[in-house]
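Down below is the structure, laid out as structure tokens.
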Amino acid sequence: MFGLILKHYLNYTAQDPVQVAVLDKFATLMGIVSVDPSSAAASWPRADIVPLARRDVESQFGGGLLEAYVCTLRTTDYQAEFPAGGGR
């Protein structure tokens, strides 16, 4: 399971659980170019979040780029999503 989390929610709030904007496969999330910054597809426990990759996405409301992270949960076998020897 992978989720796109805006940096604001991950780093600048004490909110727990953390708002996840979009849930999808890793490759799909890496291709997202815009999000609704107020959307919440899920909420994840802050202590279990593992950021994997940084992405800049546009707000669907305008106003420039938002920093976001493609994340997974510690309890997820996320390595299965990546081909063996995929640069890791």
Side-chain angles (χ1 to χ4, degrees):
M1 176 185 314
F2 296 91
L4 187 74
I5 301 176
L6 297 177
K7 180 180 180 179
H8 170 78
Y9 295 111
L10 191 59
N11 293 343
Y12 299 121
T13 68
Q15 177 182 334
D16 195 1
V18 175
Q19 179 175 314
V20 181
V22 182
L23 295 172
D24 214 319
K25 293 182 177 186
F26 183 85
T28 303
L29 294 174
M30 289 300 291
I32 287 179
V33 294
S34 69
V35 296
D36 175 347
S38 62
S39 72
S43 296
W44 287 355
R46 183 173 294 280
D48 291 338
I49 295 172
V50 179
L52 299 173
R54 185 183 167 284
R55 290 273 307 134
D56 286 333
V57 294
E58 294 178 3
S59 168
Q60 290 177 347
F61 302 121
L65 293 177
L66 302 170
E67 194 171 332
Y69 294 91
V70 176
C71 302
T72 191
L73 293 168
R74 290 189 196 286
T75 56
T76 303
D77 180 21
Y78 65 90
Q79 287 96 350
E81 176 90 7
F82 302 101
R88 294 184 153 252

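Note that the structure is a prediction, hence the values are computed from the model and not measured.
- With rounding to the nearest 0.5 Å, the separation of OG in Ser59 from CG in Asp36 is 7.0 Å.
- A continuous path of ILVMFWY side-chain contacts below 4.5 Å connects Met30 to Leu73, so both sit in one hydrophobic cluster.
- Put simply, CD on Glu67 and CG on Asn11 are 8.0 Å apart, with the number rounded to the nearest 0.5 Å.
- Taking each heavy atom of Pro17 and Pro45 in turn, the nearest pair found is CB-N, 4.1 Å.
- Expressed to the nearest 0.5 Å, how far SG of Cys71 lies from CD1 of Ile5 amounts to 4.0 Å.
- Taking NZ of Lys7 as the start and OH of Tyr69 as the end, the distance is 4.5 Å to the nearest 0.5 Å.
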Self-check item: CA sep, side-chain torsions, deciding dist, call: Trp44, Leu23, side chain to side chain contact (heavy atoms under 4.5 Å, CB included)
Solution: CA-CA 11 Å; Trp44 287 355; Leu23 295 172; 3.5 Å; yes
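- Not one N or O on the side chain of Arg55 forms a donor-acceptor pair closer than 3.5 Å with the backbone of Val70.
- Asp48 places no side-chain N or O within 3.5 Å of a backbone atom of Arg74 that could act as its donor or acceptor partner.
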Practice problem: Take Leu66 and Asp56 through the test side chain to side chain contact (heavy atoms under 4.5 Å, CB included) and record every step on the way to the result. | Solution: CA-CA 6 Å; Leu66 302 170; Asp56 286 333; over 6 Å; no
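- The environment of CZ in Phe61 is crowded: more than 12 heavy-atom neighbours from other residues, nucleotides or ligands sit within 6.0 Å.
- Judged by distance alone, with hydrogens and angles left aside, the side-chain atoms of Gln19 form no donor-acceptor pair with the main-chain N or O of Tyr9 at under 3.5 Å.
- Between Phe2 and the options Val22, Asp24, Thr28, Leu52, a side chain to side chain contact (heavy atoms under 4.5 Å, CB included) holds for only Leu52.
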Exercise. Output, in order, the C-alpha distance, side-chain angles, deciding distance and verdict of side chain to side chain contact (heavy atoms under 4.5 Å, CB included) for Leu4 and Val20.
Key: CA-CA 6 Å; Leu4 187 74; Val20 181; 5.7 Å; no
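- Checking side-chain atoms of Arg46 against main-chain N and O of Leu10 turns up a donor-acceptor pair under 3.5 Å.
- Side-chain atoms of Val33 and Glu58, non-hydrogen and from C-beta on, never get closer than 4.5 Å to each other.
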Practice problem: Please test Leu6 against Val57 for side chain to side chain contact (heavy atoms under 4.5 Å, CB included), starting from the C-alpha separation and ending with a verdict. | Solution: CA-CA 9 Å; Leu6 297 177; Val57 294; 4.1 Å; yes
